Amino acid sequence: MPAAYDQLFAWMTTAFSGEPFTIDAFRATFPSPAPRKVISDLHRLGYLQSEGRGAYRLVAPQERIQRLVEREDAFFGLPGRTDLPHAFCDGTAVTIWTEGAYWTGFSAGFRPLHLRVRREDIRAWRSIFRAAG
């Protein structure tokens, strides 16, 4: 079953046909007690992009999917962009060692990154991952 924002996105795609729209147009088409919050959430979650002050455009579904994949791939490359010592382990190490031929330890919607780090570096790692979202 699709999430509420996925359902709204589908209806918005039909209503706005890829054209820019304003918060007022959104409010008139989709009455809501908090239209600005809904627009803000949709923008933050990658369903919308800003077209200027108070104007938005829906992100095409394929583009949204591609952005999600690129963001996740960038997240998996994050340890390599730090100077902190680390080692990939468990399912992540298997995937790396087999050059992607064998994947283990994940399911649809859950793809963990398994790292071994020094105990004294845990705070720094948490800070890095928080900053990366």
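Note that the structure is predicted; figures quoted are calculated from it, not measured. One is the number of the first residue; the rest follow in order along the sequence. Values below: every heavy atom of this structure, side chains too, minus hydrogens, waters and symmetry copies.
Looking at L8 and Y47, their side chains never come closer than 4.5 Å, going by heavy atoms from C-beta outward. Counting heavy atoms from C-beta outward, P79 and V117 have side chains that stay 4.5 Å or more apart. Using a 4.5 Å cut-off on side-chain heavy atoms (C-beta onward), L48 and I39 make contact. Residues I128 and R81 form no side-chain contact, since every pair of their non-hydrogen atoms from C-beta on lies 4.5 Å or further apart.
Remark: Q62 CD is loosely packed, at most 12 non-hydrogen atoms of other residues, nucleotides or ligands lying under 6.0 Å away.
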N/O donor to acceptor pairs below 3.5 angstrom from side-chain atoms of residues 17-28, sequence neighbours left out:
| residue | atom | partner | partner atom | Å |
| --- | --- | --- | --- | --- |
| T22 | OG1 | D24 | N | 3.4 |
| T22 | OG1 | A25 | N | 3.1 |
| D24 | OD1 | R27 | NH1 | 2.9 |

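Applying the salt bridge (Lys or Arg N to Asp or Glu O under 4.0 Å) test to every pair with at least one member in residues 46-55, sequence neighbours left out, gives these pairs: E51-R57.
Every residue two or more places apart in sequence or in another chain was checked for a side chain to side chain contact (heavy atoms under 4.5 Å, CB included) with S40, and none qualifies. With sequence neighbours left out, the side chain to side chain contact (heavy atoms under 4.5 Å, CB included) criterion links A15 to T29, F30. Residues that satisfy the ring pair (Phe, Tyr, Trp, His ring centres under 6.0 Å) test with H86, not counting sequence neighbours, are F88, W125. Take Y56 and apply the ring pair (Phe, Tyr, Trp, His ring centres under 6.0 Å) test, not counting sequence neighbours, and it matches no residue. With sequence neighbours left out, the side chain to side chain contact (heavy atoms under 4.5 Å, CB included) criterion links P85 to R118, D121. For R44, the side-chain hydrogen bond (donor to acceptor under 3.5 Å, both in side chains) partners two or more places apart in sequence, or in a different chain, are D41.
Through side-chain heavy atoms spaced under 4.5 Å, either directly or across other Ile, Leu, Val, Met, Phe, Trp or Tyr residues, V59 is tied to no other residue.
The minimum heavy-atom distance between R116 and D90, with the atom names listed, is NH2-OD1, 4.3 Å.
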